[in-house]
Structures are given as structure tokens and as C-alpha cells.
S.K.: 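To start, I am sharing the structure in question, which I have written as C-alpha cells.
Only heavy atoms go into these numbers, but all of them, side chains included; no hydrogens, no water, no symmetry mates.
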Amino acid sequence: ITKTTEVSGPQLAATFNKYFKPAGKLHPPHVTRELSKAKIENPAWIGEDKGLWFLTAAGDKQAQQLIDSVRSSAASQ
């Protein structure tokens, strides 16, 4: 885990493509398009500043809920 707090769409796609090859390739323009769609949701879980994307407070909360859900599922197995 790094201290990176912001990432560009192409950086996100490159990281995904490097570590999750079996899932199939993500195309950077599609990542940026989908992030742009998510940015206008209410509440917005991501934000953008000068082409860099970051989690908002709502995004941090949603990410923590997903982590907790996976941990509780793993613990019950």
C-alpha cells in the first residue's frame, strides 16, 4: 500500500492491467469515462482535480464497507 492519494485514469488502467491480466484489459479512455460518470452520482464517491481522481469521504466509507464485508465473509468460511 502506498501513500498515493490521487491517480489518473491511464495510471489506474495500467495498474489494473498489470495485476489483473486474467480479468481482461481496461482501456484508459473507458476508465476516464466511467470515473466521470461516477463523479456525478449522489453522493459522489470520487472526485477529480486537474485530471487526477481521488476518493471522497463517501468513497472512503464505501471502500471500508466493502473491505469489512469481504473480511466478515472470509472469517465465516
S.K.: Tell me whether Ser8 contacts the main-chain N or O of Leu52 through its side chain, where contact means a donor paired with an acceptor under 3.5 Å.
M.R.: no
S.K.: Mind checking whether Trp45 and Leu55 have side chains closer than 4.5 Å, heavy atoms only?
M.R.: yes
S.K.: Phe20: what forms a ring pair (Phe, Tyr, Trp, His ring centres under 6.0 Å) with it, not counting sequence neighbours?
M.R.: Phe16
S.K.: Is any side-chain heavy atom of Val70 closer than 4.5 Å to one of Leu66?
M.R.: no
S.K.: Considering all heavy atoms of both residues, which atom of Leu35 and which atom of Gly9 are nearest to each other, and what is their separation?
M.R.: CD1-CA, 4.4 Å
S.K.: Could you tell me whether the side chain of Ser76 and the main chain of Ser73 form a donor-acceptor pair under 3.5 Å?
M.R.: yes
S.K.: Using only atom types and a distance under 3.5 Å, with no angle test, would you say the side chain of Ser69 pairs donor to acceptor with the backbone of Gln65?
M.R.: no
S.K.: Determine the minimum heavy-atom distance between Lys39 and Trp53, stating which atoms define it.
M.R.: CD-CZ3, 3.9 Å
S.K.: By the side-chain hydrogen bond (donor to acceptor under 3.5 Å, both in side chains) test, which pairs, at least two apart or in different chains, include something from residues 17-29?
M.R.: none
S.K.: Output the distance between atom CD (Gln62) and atom OG1 (Thr56), rounded to the nearest 0.5 Å.
M.R.: 9.0 Å
S.K.: If we count only N and O atoms by modelled type, under 3.5 Å, do the side chains of Gln64 and Asp60 hold a donor and an acceptor together?
M.R.: no
S.K.: So which heavy atom on Phe54 is nearest to which on Glu48, and how close?
M.R.: CE2-N, 3.5 Å
S.K.: Would you call Pro28 and Leu12 a side-chain contact if the rule is heavy atoms closer than 4.5 Å?
M.R.: no
S.K.: Using every non-hydrogen atom in the two residues, find where Ala13 and Val31 come nearest and quote the distance to one decimal.
M.R.: CB-CG2, 3.8 Å
